[in-house]
S.K.: 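Sharing a structure here in structure tokens format.
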2 protein chains.
Amino acid sequence: MSRASDVAYEMIRERILSGALAPQTQLKEEELAELCGVSRTPIRDALRRLEAEMLVRRTDTQRTFVPDWSADEVEEIFTLRALLESHAAARAAARITAAEIETLERHNDEIEKAIHGSIKLDAEAFVTHNRHFHNVLLQASQSERLIKMRSLIVEQSILHRTARNYDKAGLSRSHADHEELVLACRAKDSEWARSIMDNHIRRAYHVTLGDMEAMTPPPVEAKTPPAKGSRGSKAEIALVK
Amino acid sequence: MSRASDVAYEMIRERILSGALAPQTQLKEEELAELCGVSRTPIRDALRRLEAEMLVRRTDTQRTFVPDWSADEVEEIFTLRALLESHAAARAAARITAAEIETLERHNDEIEKAIHGSIKLDAEAFVTHNRHFHNVLLQASQSERLIKMRSLIVEQSILHRTARNYDKAGLSRSHADHEELVLACRAKDSEWARSIMDNHIRRAYHVTLGDMEAMTPPPVEAKTPPAKGSRGSKAEIALVK
DNA sequence: CGCCCCCGGACTGTACACAAACTGGAGACC
DNA sequence: GGTCTCCAGTTTGTGTACAGTCCGGGGGCG
């Protein structure tokens, strides 16, 4: 994992998810090369991987941009996530090992601590252990395809927002869901696991939705050069509707 | 599409799906470069893309192989395909345009012709138009993510086998499903479309299953060098169970 | 004005050379 | 015989030079 292309991948990914690289930004290979301190070759590698995960978008003329997501896409993302993660939970319930169940419990205990451990909510810890919990479950589903598909469903950043704006009751509910998932795994009851997970994610969607409405989106409309000359080869990049 | 890396991508992909590159084969960049008449750079590009689509598999030490699929994986593939394509059909029913519906009908007419047009079944034509039909529907779902996810679900080769071993009645049934899908689209009835597609694909799975049993898999076991020295860094490639 | 064409600068694609890492086997040692 | 170590050949990773393509603006023309 110390290859230049891995370093570049991590650096760029991190910057996109954290917002350091704003949506609509064009990613130029040479710039990134300088940023990461490597040559263009590993950068190209990293960009290919990010493209496969839909964390960057390429135009028809091979220019690369940081995408942004419309409300419609957010809905689609959560629907797919519910579909896939509940399927993964069902598979996991049938295949999970005792050791993995213990790991799940450990992470969920940490989540509990993050909520009630101190006076103030430890959002960072919550997010981290929440992510791990879901990852372990995905791993237990023993399907590489599901794992790859999930990585197509970008939501780290959205998740981050969600965790911050949940109230304590909401977070506790989330913790309780996880506990029930552990029970379902113990019982090897796939359908139980599936329905818990489906419910868990749909709820998260609606919380996110609330958040998104709450923070009046600054109507910073993309500068739209009024349909200038049609040379037919102008690169189009997806704009938020 | 005339870039060297696109040519390489197409060539390698075609050879894998057609079986010209057998499962377990190691793909060496230099060999492929010679095969495609380009340098290693575009080959590396192509391999990255194929890897993202799970059409090749890399070991932990960056060696690239043609994968093969166990019965368990085939089941997983069809389950996911049913999940995703029925979701896509539901989305499509709500969004499809009149022009797209016409295209669907055109392809389905061709399918009809392939089945009954001449004395002998035109398997090639059937497979082609069947693929197009499904692609149009997927396109109509207007979700890039669904399209990318579907490409993770390799099944062209399996599909090929399926079409050959369907009997005429089965193929007609498939044609009738497509007709009903068009009706559901016209009616904008998402749930109807979903259930047709789910049924359509599950049936295909069981036909494939029958085929796979029929043709006694030649028990050509992978040479397993009896667990020799454990240097710990030996590349492991997934073997068929 | 508004449209079109053309061109220089900017960005991506490809080849190739060299560096780093992995593989499989030969030989030392118990 | 079994296991470990080391090494030469093989394969992949990276830097760099140059070729090809695209973008956006300036000037000609209606």
Side-chain angles (χ1 to χ4, degrees), chain A residues 1-12 21 24-52 56-66 222-237 239, chain B residues 1-12 21 24-52 56-66 222-237 239:
Chain A
M1 171 59 98
S2 63
R3 289 177 309 159
S5 84
D6 289 329
V7 173
Y9 170 83
E10 291 294 343
M11 283 183 74
I12 301 170
L21 284 168
Q24 313 275 26
T25 311
Q26 181 175 359
L27 298 175
K28 298 165 201 171
E29 294 178 355
E30 209 134 7
E31 264 181 26
L32 295 173
E34 194 170 0
L35 171 68
C36 303
V38 298
S39 84
R40 273 177 55 215
T41 313
I43 296 290
R44 290 172 61 76
D45 239 72
L47 286 179
R48 284 281 188 274
R49 282 191 263 171
L50 292 165
E51 188 197 351
V56 305
R57 171 187 301 267
R58 319 193 92 192
T59 65
D60 47 354
T61 55
Q62 309 301 117
R63 262 65 181 171
T64 307
F65 292 84
V66 181
K223 48 184 175 185
T224 313
K228 54 182 310 188
S230 60
R231 186 136 76 299
S233 71
K234 181 99 182 295
E236 293 287 347
I237 125 156
L239 298 173
Chain B
M1 171 59 97
S2 62
R3 291 177 310 162
S5 84
D6 289 330
V7 173
Y9 171 82
E10 290 292 345
M11 283 183 74
I12 301 170
L21 285 169
Q24 314 274 25
T25 310
Q26 181 175 2
L27 297 175
K28 298 165 198 170
E29 294 178 355
E30 207 130 12
E31 262 180 27
L32 295 173
E34 194 171 359
L35 171 68
C36 302
V38 298
S39 85
R40 272 178 55 217
T41 312
I43 295 290
R44 290 172 62 77
D45 240 71
L47 285 180
R48 284 282 189 272
R49 281 192 262 169
L50 291 165
E51 189 197 350
V56 305
R57 170 187 300 267
R58 317 193 93 193
T59 65
D60 46 355
T61 55
Q62 307 303 116
R63 262 64 180 170
T64 307
F65 292 84
V66 181
K223 49 185 174 186
T224 313
K228 56 182 310 188
S230 62
R231 187 139 71 306
S233 71
K234 178 98 182 296
E236 293 288 346
I237 123 156
L239 299 175

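Throughout, protein chains are lettered first and strands after them, A, B, ... in sequence-line order, and every chain is numbered starting at 1.
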S.K.: Starting at CZ of R58(B), measure out to CD of E51(B) and round the result to the nearest 0.5 Å.
M.R.: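 Spacing of CZ (R58(B)) from CD (E51(B)) equals 5.0 Å.
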S.K.: How many angstroms lie between CZ in R48(A) and CG in L47(B), if you round to the nearest 0.5 Å?
M.R.: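 So the CZ of R48(A) and the CG of L47(B) are separated by 12.0 Å.
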S.K.: Roughly how far, to the nearest 0.5 Å, is the CZ atom of R3(A) from the CD atom of Q62(B)?
M.R.: 4.0 Å
S.K.: Can you measure from CG (L32(A)) to OG1 (T64(A)) and round to the nearest 0.5 angstrom?
M.R.: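 Here the rounded value is 8.5 Å.
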S.K.: In whole angstroms, how far is the P atom of dC11(C) from the CD atom of E34(A)?
M.R.: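 My rounded result for the distance is 12 Å.
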S.K.: Taking CZ from R58(B) and P from dC22(C), how many angstroms apart are they, rounded to a whole number?
M.R.: 13 Å
S.K.: For residues 33-42 of chain A, which side-chain donor-acceptor pairs fall under 3.5 Å, sequence neighbours excluded?
M.R.:
from   : atom 1 : to     : atom 2 : distance (Å)
S39(A) : OG     : T41(A) : N      : 3.3
R40(A) : NE     : E29(A) : OE1    : 3.0
R40(A) : NH2    : E29(A) : OE1    : 3.0

S.K.: Sort me out a list of protein N/O and nucleotides 8-11 of chain D N/O pairs below 3.5 Å, or just none if empty.
M.R.:
from    : atom 1 : to     : atom 2 : distance (Å)
dT11(D) : OP1    : K28(B) : NZ     : 3.0

S.K.: Sequence neighbours excluded, which residues qualify as side chain to side chain contact (heavy atoms under 4.5 Å, CB included) partners of E31(A)?
M.R.: K28(A)
S.K.: Return no unless some side-chain N or O of T61(B) is found under 4.0 Å from OP1 or OP2 of dT12(D).
M.R.: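 Checking dT12(D) against T61(B), no side-chain N or O comes under 4.0 Å of OP1 or OP2.
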S.K.: Whole angstrom is fine here: how far is it from CG in D6(B) over to P in dG20(D)?
M.R.: 17 Å
S.K.: Kindly write out the residues that satisfy salt bridge (charged side-chain N to carboxylate O under 4.0 Å, His left out) with E30(A), not counting sequence neighbours, or none if the list is empty.
M.R.: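 Listed in chain order: nothing, the list is empty.
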S.K.: Listed by chain and number, what are the side chain to side chain donor-acceptor pair (under 3.5 Å) partners of R49(B), not counting sequence neighbours?
M.R.: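 So R49(B) forms a side chain to side chain donor-acceptor pair (under 3.5 Å) with S5(B), D6(B).
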S.K.: With the threshold set at under 4.0 Å for non-hydrogen atoms, list the residues of residues 36-48 of chain A touching DNA chain C in residue-number order.
M.R.: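 Contacts with DNA chain C under 4.0 Å: R40(A), R44(A).
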